[in-house]
Amino acid sequence: MVSSTQQHERIRKRKQTTSGKRNKRTRRKLGTPSFPVHVPGYDPKAADAPPKKA
């Protein structure tokens, strides 16, 4: 037999995952905006520049 605490924790976890599923999904998609890796004016000869492939 499952303990009362364990049962309630599982129920709580299940309710959290199912409630607002559509909102969570859209918020994940809106999460981190895409941004340029190297902004205009970036020096390709800088110390942190990626190596050029030949």
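Scope of the values below: all heavy atoms of this structure, side chains included, with no hydrogens, waters or symmetry mates. Because the structure is predicted, anything quoted here is derived from the model rather than measured.
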Handout entry: Shortest non-hydrogen contact from Gln7 toward Val2
Key = N-CG1, 3.9 Å
Handout entry: 4.5 Å side-chain heavy-atom contact, Arg25 and Arg28
Key = yes
Practice task
Measure the spacing between OG1 of Thr18 and NZ of Lys13 and express it to the nearest 0.5 Å.
Solution key: 11.0 Å
Problem - Atom pair NZ (Lys15) and NE2 (His8), whose distance is rounded to the nearest 0.5 Å - result: 9.0 Å
